[in-house]
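Below: one structure, written as structure tokens.
Read the numbers this way: they start at 1 and go in the same order the structure lists the ligands and their atoms. For reference, positions follow the sequence shown, starting with 1. Please read all numbers here as calculations on a predicted model, not as lab measurements.
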Amino acid sequence: MESLKAKGVNAGLAVVIVGDDPASRVYVNNKKKACEYCGIYSEEYALGAETTQEELLCLVDKLNKKEDIHGILVQLPLPKHINEETILNAIDPKKDVDAFHPVNVGKIMIGNFDFLPCTPAGVMELLDDAGIELEGKNCVVIGRSNIVGKPQAMLLLHKNATVTICHSKTKNLKEVCREADVLVVAVGRAKMVDESYIKEGAVVVDVGMDRDENGKLCGDVDFESACKKASWITPVPGGVGPMTIATLMKNAVTAAENTIR
Ligand code: NAP
């Protein structure tokens with residue numbers, strides 16, 4: 001950041017939110033707070049739920065051209081009348097700090113990327129920081145979304161892990177998971193994964209952000225149960241979530257640095 005500022009560049013991030021989804025509002029507020037903390041200039045565009053696709057495309061086009069904005073984040077999900085893919089594809093790949101644009105997805109596939117998608121990259125950072133070796137390990141990812149599961153599997157593969165991706169049509173899910181040295185759970189179902197899915201001594205990463213029966217934030221993993229088998233496990237809250245935001249900040253700085261390279 002300081003070296004950027006010395007060159008007269010202040011990293012700038014635009015966060016766009018459409019509609020009034022309460023969870024999205026919390027995520028956007030957290031991202032704004034993180035920008036303030038890191039000294040990143042941020043602009044918020046809060047649009048009404050009735051915003052048309054055309055209007056949103058116009059805003060993305062304006063932000064693509066704005067010189068003081070280096071990163072653009074459109075908070076998902078968008079209202080149903082707006083095609084998410086059309087919007088994400090309209091973001092300049094150089095400003096695509098979420099790494100959802102097909103150009104950036106392709107770059108991740110070949111291992112030559114500018115940005116990594118925030119949540120999977122945050123998971124990799126956590127594993128690395130804990131000194132967990134991935135080469136030759138059996139890694140199982142539950143979930144195959146474009147945002148988490150698929151890129152997560154690719155990043156583990158880049159670390160020479162042997163990777164299995166599971167989804168709702170996977171047969172014998174528990175048995176497959178019990179083969180995992182490292183189990184990454186991104187399924188979107190509160191506390192679904194308990195000790196019966198986990199091999200003794202496995203590493204467990206819980207990506208889930210769900211609500212339990214009392215409306216309390218929880219993960220996809222039943223933490224108490226999983227602790228009986230896991231040698232290392234991430235909690236919810238306080239695990240992957242903050243790492244997602246940290247990676248977003250890193251990507252915003254990278255986007256700004258790339259303008260002066
Ligand atoms: P998603 O798009 O709904 O994908 C869920 C995946 O789980 C799908 O691939 C689905 O399979 C699979 N699945 C659903 N039920 C299953 C079952 N019973 N058995 C096996 N697989 C099943 O969700 P996502 O966007 O990837 O998010 C996953 C979780 O991570 C959510 O809790 C979300 O809130 C959380 N999340 C957290 C962060 C963070 O910063 N911590 C960021 C993003 C997401 P099919 O493909 O066959 O339908």
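The two residues Glu55 and Thr52 have their closest heavy-atom pair at OE1-N, 2.9 Å. In terms of heavy-atom proximity, Leu155 sits nearest to Met124 at O-CE, 3.5 Å.
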With a cut-off of 3.5 Å and sequence neighbours excluded, list every side-chain donor-acceptor pair involving residues 105-119.
unit_1 : atom_1 : unit_2 : atom_2 : d
Lys107 : NZ     : Asp114 : OD2    : 3.0
Thr119 : OG1    : Thr244 : OG1    : 3.1

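Electrostatic pairing of Asp181 and Lys199 counts as a salt bridge here, judged by a charged N lying under 4.0 Å from a carboxylate O. Ionic pairing of Glu44 and Arg25 is present here: one or more N-O contacts between side-chain nitrogen and carboxylate oxygen are shorter than 4.0 angstrom.
Residues Ser42 and Lys32 have side chains that never bring a donor and an acceptor to within less than 3.5 angstrom of each other.
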Can you produce the list of protein nitrogen or oxygen atoms under 3.5 Å from a nitrogen or oxygen of ligand 1, alongside each distance?
unit_1   : atom_1 : unit_2 : atom_2 : d
ligand 1 : 9 (O)  : Arg144 : N      : 2.8
ligand 1 : 11 (O) : Ser168 : N      : 3.2
ligand 1 : 15 (N) : Arg189 : NE     : 2.7
ligand 1 : 15 (N) : Arg189 : NH2    : 3.4
ligand 1 : 21 (N) : His167 : O      : 3.4
ligand 1 : 21 (N) : Ser168 : N      : 3.3
ligand 1 : 26 (O) : Ser145 : OG     : 2.5
ligand 1 : 30 (O) : Val207 : O      : 3.4
ligand 1 : 32 (O) : Met209 : N      : 3.0
ligand 1 : 32 (O) : Asp210 : OD1    : 3.0
ligand 1 : 34 (O) : Met209 : O      : 3.3
ligand 1 : 40 (O) : Thr244 : OG1    : 2.8
ligand 1 : 41 (N) : Val207 : O      : 3.4
ligand 1 : 46 (O) : Arg144 : NE     : 2.7
ligand 1 : 47 (O) : Arg144 : NE     : 3.4
ligand 1 : 47 (O) : Arg144 : NH2    : 2.8
ligand 1 : 47 (O) : Ser168 : N      : 3.2
ligand 1 : 47 (O) : Ser168 : OG     : 2.5

